[in-house]
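Working notes, beginning with the structure itself.
Residue numbers run from 1 in the order of the sequence given. All ligand and atom numbering here is 1-based and tracks the order in the structure.
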Amino acid sequence: MTILIVGGSGFLGAELVRRARAAGHAVVATYASGPGAAGPDGWRRLDLRDAGGVDDVMAEVRPRVVVNASSGREDSAVTAAGPVQLAMVAVRQGAGLVHVSSDAVFSGRRGRYDESAPPDPVTPYGAAKAAAETGVLAVHPKAVVARPSLIIGHGRSRHEQHVRDLASGVAEGALYTDDIRCPVHVDDLAAALLELAAGDAAGVHHLAGPDAVSRYELGVLIARRDGLDASRLPVALRAESGRPGALDVRLDSRATRQRLRTTLRGARQFLRPGG
Ligand SMILES: NC(=O)c1ccc[n+]([C@@H]2O[C@H](COP(=O)([O-])OP(=O)(O)OC[C@H]3O[C@@H](n4cnc5c(N)ncnc54)[C@H](OP(=O)(O)O)[C@@H]3O)[C@@H](O)[C@H]2O)c1
């Protein structure tokens with residue numbers, strides 16, 4: 001089938017392109033600033049803030065399914081309005097849509113969140129992601145909204161880079177012991193997203209690993225895997241830092257994991273040295 005990967009030049013997008021091609025799909029990928037290293041059948045420039053551009057790319061590619069792996073951070077024109085525009089065009093063309101959201105839609109006040117938990121974002125980024133989810137599902141009820149937690153893998157994520165920078169003293173900052181997430185490996189996430197894209201799933205799906213770890217434990221696991229001196233990692237409490245954002249967000253992905261063939265490994269497993 002023909003798959004359009006929006007944000008194919010990004011970290012997750014590149015893995016989606018690679019896997020979809022390996023599975024024999026025809027893959028067209030988009031970028032905003034420049035094509036990435038992945039090798040789709042074709043690249044298109046697309047800025048989700050440009051409704052006409054969304055129309056043009058969709059009309060030309062005519063995908064069976066679109067996976068939206070773009071990120072506009074807290075810019076709601078990209079992160080909230082853009083995906084809704086994409087969903088409107090997809091539903092008009094009869095195309096499926098898998099929209100990648102985030103665990104940032106939750107405040108952390110509840111700790112553990114399954115797919116039935118109502119979003120209660122506490123940051124502009126989380127609010128934009130939550131608005132996109134609502135809009136996407138309102139206009140395209142058969143769409144999948146997939147919420148990952150921190151995405152890790154191959155040393156290429158910004159989280160792994162941050163740990164390397166802290167361990168080498170290039171960056172200032174600290175890793176928090178009270179900031180808890182359920183990281184997922186980019187390979188597992190991309191495989192799960194493509195499995196959802198190929199099936200008849202709809203609605204909200206959590207795609208996180210089973211291990212709840214603090215940012216500090218995650219940093220130690222990354223440092224050990226990479227042969228870095230974990231004792232050099234600065235440690236702190238986020239609650240004392242004054243930084244806005246959720247502390248403890250544990251995505252409960254059991255319902256989604258039960259319907260998938262893809263295994264979502266936990267951070268303690270996929271970050272084992274040599275693992
Ligand atoms: N990384 C994480 O830990 C994490 C955690 C939870 C959820 N997520 C979600 O997962 C998805 C992928 O994240 P990622 O880390 O792979 O992102 P990323 O590496 O920053 O890639 C972002 C992608 O979005 C494209 N993009 C930027 N502005 C755009 C615009 N105005 N219109 C269309 N495309 C635009 C970028 O294109 P250019 O490269 O050409 O600029 C790039 O392809 C995002 O939805 C993010 O919110 C990520």
Review point. Which heavy atom of the protein is the closest neighbour of atom 1 (N) of ligand 1, given with residue, atom name and distance?
Key: Arg158 NH1, 3.5 Å

Check your understanding: Which bit of Ser101 is near ligand 1, meaning a heavy atom under 4.0 Å away: side chain, backbone, both or neither?
Key -> backbone

Exercise for review: Would you mind checking which non-hydrogen protein atom is closest to atom 16 (O) of ligand 1, with the distance to 0.1 Å?
Suggested key: Leu12 N, 2.8 Å

Exercise for review: Return the residue, atom name and 0.1 Å-rounded distance of the protein heavy atom closest to atom 21 (O) of ligand 1.
Suggested key: Gly10 CA, 3.3 Å

Review point. Where is the nearest protein heavy atom to atom 40 (O) of ligand 1: which residue, which atom, and how far?
Key: Ser33 N, 2.7 Å

Exercise for review: Starting from the C-alpha separation in whole Å, work towards a yes-or-no answer on salt bridge (Lys or Arg N to Asp or Glu O under 4.0 Å) for Arg181 and Asp248.
Suggested key: CA-CA 7 Å; Arg181 298 290 187 275; Asp248 185 354; over 6 Å; no

Check your understanding: Is ligand 1 less than 4.0 angstrom away from at least one heavy atom of Ala69?
Key -> yes

Review point. Are His154 and Asp187 close enough that a side-chain donor and a side-chain acceptor fall under 3.5 Å?
Key: yes

Study note, to complete from the structure: protein heavy-atom neighbour closest to atom 10 (O) of ligand 1 works out as Val100 CG1, 3.4 Å

Check your understanding: Who's the nearest protein heavy-atom neighbour of atom 23 (C) of ligand 1, and how far?
Key -> Ser71 N, 3.7 Å

Check your understanding: Which bit of Pro35 gets closer than 4.0 Å to ligand 1, counting heavy atoms only: side chain, backbone, both or neither?
Key -> neither

Practice item. Under 4.0 Å, heavy atoms only, figure out whether ligand 1 is touched by the backbone of Arg147, its side chain, both or neither. Key: neither

Review point. Could an N or O of ligand 1 be found under 3.5 Å from any N or O of Phe11, whether backbone or side chain?
Key: yes

Check your understanding: Looking only at heavy atoms, is any part of Ile152 under 4.0 Å from ligand 1, and if so is it the side chain, the backbone, or both, or is it neither?
Key -> neither

Check your understanding: Is there at least one pair of N or O atoms, one from Asp47 and one from ligand 1, spaced under 3.5 Å apart?
Key -> yes

Revision key, fill the gap. d(Glu133 CD, Arg147 CZ) to nearest 0.5 Å is 4.0 Å

Practice item. Decide whether Gln161 and Arg158 meet the rule of one side-chain donor and one side-chain acceptor closer than 3.5 Å. Key: no

**Study point:** Contact check, Gly72 vs ligand 1, heavy-atom distance below 4.0 Å
**Key:** no

**Study point:** Sub-4.0 Å heavy-atom approach of Ser149 to ligand 1
**Key:** yes

Review point. At under 4.0 Å between heavy atoms, which part of Tyr125 makes contact with ligand 1: side chain, backbone, both or neither?
Key: side chain

Exercise for review: Please assess His99 against His140 for the test ring-ring contact (aromatic ring centres under 6.0 Å, His included), listing each intermediate value before the final yes or no.
Suggested key: CA-CA 11 Å; His99 171 73; His140 195 327; over 10 Å; no

Exercise for review: May I ask whether Arg73 has any heavy atom positioned less than 4.0 angstrom from an atom of ligand 1?
Suggested key: no

Check your understanding: Can you tell if the side chain of Arg225 reaches within under 4.5 Å of the side chain of Glu160, non-hydrogen atoms only?
Key -> yes

Exercise for review: Can you pull out the closest protein heavy atom to atom 44 (C) of ligand 1? Residue, atom name and distance to 0.1 Å, please.
Suggested key: Ser70 O, 3.2 Å

Check your understanding: Quick one: do the Glu115 and Thr256 side chains pair a donor with an acceptor below 3.5 Å?
Key -> yes

Review point. Any side-chain donor paired with an acceptor under 3.5 Å for Ser214 and Asp179?
Key: no

